[in-house]
Amino acid sequence: MAAKELPLSKDFFKGFWKENPVTVQLLGLCPTLAVTNTAINGFAMGMATTFVVVSASTLVSIIKRLVPRQVRIATYIVIIASFVTMADLFLAAQFPAISKALGPYVPLIVVNCLILGRSEAYASKHPVHRAFLDALGMGLGFTWVLVLLGIIREVLGFGSIFSLKMFGDWFTPWIVMILPPGAFFTLGIIVGVINYITGKEGSETTCH
Amino acid sequence: MEVILVFLSAAIVNNFVLTYFLGICPFVGVSKKVDTALNMGMATTFVMTMTAAVTWLIYHFIILRYNLPFLEYVAFIITIASLVQFVEMFIRKASPALFRTLGIFLPLITTNCAILGLALFAVLREYDFVESIFFGLGAGAGFTLALVIMAGIREELELADVPPALRGAPITLLVAGLLALSFMGFAGLLSV
């Protein structure tokens, strides 16, 4: 396999920029748009997703020879749903406020195409340590975009950053930024700017 | 009366795609032609209504009765995956013509977050059985509406001179923002 020739660091770092799950592959857009009204929510969602994608990819890679081909997708989904349940219970027990703010979007990590995509396209074909690094890179790549989106929307929409007030009384918050339209605008502009920097002509989602 | 409010709320005021960001992937990926969008929307509405009914039964008669809340997500996703498979087999046998129109979209629906989102929201809002079904119908209608509107706009966008970096998904997201903004105009319509 050609991928074996790649250094391990490539497996890890490709998720940050070159194959970033949000800005390049446009995967997992539901949580990206839904919970990034503040930076801390974006961070929490990113971390929860990273936990699930790393655990699921590692486990899928360990059991890849035991799973019959016909039922592999169903198996992966059950594995993912189990890890999501753990993440959900953990958040509810340790960080009730964040768990409440994220609401049903935590269980919706189950259907984040990013996670199933990594299990199917990468972890099921590669050794454990590579699957782990790949998933960790993708998870952190997902997290930084969510935090960036959260920071932009929080600064413009609330005038604060990680709940610390940034401006004086002269600042009028742009309410639209914390409402649904603000999420669409911000992500559209971020993807556009990144396409402009990398010289790419437009982008399409690889998931339906 | 109550069920009509649930339907309208899910379809228009709290549109699944434009307010809850559920089903964004097909919204960005599939919505390029109006008739494809309409078929996708119909397939999704069908699965959504079935899902609403079946997950309500499973939640109330299995998960609550035997006190298994930690199995909720696993049970829901398995239900949805099997339901999609079942619907596909049924349509293939019952109506080959309908299968040719909807067929290719059905497998994709399993990972459409709108379906799982629907099941989760129905539980959170404590709908009864009939309300759940209307919630599913309304959510499906809202999804179809958003998909078809977007497809119509994108057909026109083909002719527009969009800056290269914004072609495809970025311009779709910006248009979706405008749509979401106009759908916010319905916000005062009802309070459910």
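For the numbers below, each heavy atom of this structure counts, side chains included, while hydrogens, waters and symmetry mates do not. Owing to the predicted nature of the structure, the values given are computational and were not obtained by experimental measurement. Chain A is the first sequence line, chain B the second, and so forth, proteins listed ahead of strands; every chain is numbered from 1.
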Looking at every non-hydrogen atom in both residues, tell me the closest pair between F121(B) and P104(A) and how far apart they are. CZ-CG, 3.6 Å

Could you report the tightest heavy-atom contact between L166(B) and G192(A), atom names first, then the distance? CD2-CA, 3.7 Å

Working to the nearest 0.5 angstrom, can you tell me the gap between F184(A) CZ and L179(B) CG? 8.5 Å

Take atom CZ in F162(A); do more than 12 heavy atoms of anything else shown fall under 6.0 Å from it? yes

Using every non-hydrogen atom in the two residues, find where L108(A) and C113(B) come nearest and quote the distance to one decimal. CD2-O, 3.6 Å

Check whether A74(A) gets within reach of chain B through its side chain, its backbone, both or neither, counting any heavy atom under 4.5 Å. neither

CZ/F129(B): more than 12 non-hydrogen atoms of other groups inside 6.0 Å: yes

Under 4.5 Å to a heavy atom of chain A? For L124(B) that would be side chain

Donor-acceptor pair, Y105(A) side chain versus Y20(B) backbone, under 3.5 Å? yes

Count the heavy-atom pairs under 4.5 Å between each of P181(A), A81(A), S82(A) and chain B, then report the option with the highest count. P181(A)

Among I80(B), I115(B), I171(B), L116(B), the residue with the most heavy-atom pairs under 4.5 Å to chain A is L116(B)

Can you check whether V111(A) reaches N112(B) side chain to side chain, under 4.5 Å on heavy atoms? no

How about CZ on F171(A), more than 12 heavy atoms from neighbouring residues, nucleotides or ligands closer than 6.0 Å, or not? yes

How many angstroms lie between CD1 in I24(B) and CG in L27(A), if you round to the nearest 0.5 Å? 13.5 Å

If you count the non-hydrogen atoms of other residues, nucleotides and ligands that lie under 6.0 Å from CZ in F12(A), is the total more than 12? yes

Hey, what do you get for CG (L187(A)) to CG (L173(B)), rounding to the nearest 0.5 Å? 5.0 Å

Side chain from CB out, backbone as N, CA, C, O: work out which of these in N112(A) comes under 4.5 Å of a heavy atom of chain B, or both, or neither. neither

OG1 on T172(B) to CG on L26(A), rounded to 0.5 Å: 9.5 Å

Between V191(A), T85(A), I190(A), which has the largest tally of heavy atom pairs under 4.5 Å with chain B? T85(A)

I need the residue from L178(B), I78(B), V175(B), V17(B) with the largest number of non-hydrogen atom pairs under 4.5 Å to chain A. L178(B)

Side chain / backbone / both / neither for I189(A) at chain B, heavy atoms under 4.5 Å: both

Note, N195(A) side chain near P170(B) side chain (heavy atom, < 4.5 Å): yes

Determine whether more than 12 heavy atoms belonging to other residues, nucleotides or ligands lie under 6.0 Å from atom CH2 of W144(A). yes

Is chain A contacted by the side chain of L22(B), its backbone, both, or neither, given a heavy-atom distance below 4.5 Å? both

Less than 4.5 Å to any heavy atom of chain B: does that hold for the side chain of V176(A), its backbone, both, or neither? side chain

Rounded to the nearest 0.5 Å, how far does CG of L29(A) lie from CZ of F27(B)? 11.0 Å

Is chain A contacted by the side chain of A176(B), its backbone, both, or neither, given a heavy-atom distance below 4.5 Å? both

With a 4.5 angstrom heavy-atom cut-off, is it the side chain or the backbone of L179(A) that approaches chain B, or both, or neither? side chain

Could you tell me if the side chain of L174(B) sits less than 4.5 Å from the side chain of F185(A), heavy atoms only? yes

Less than 4.5 Å apart, any side-chain heavy atom of D88(A) and any of Y73(B)? yes

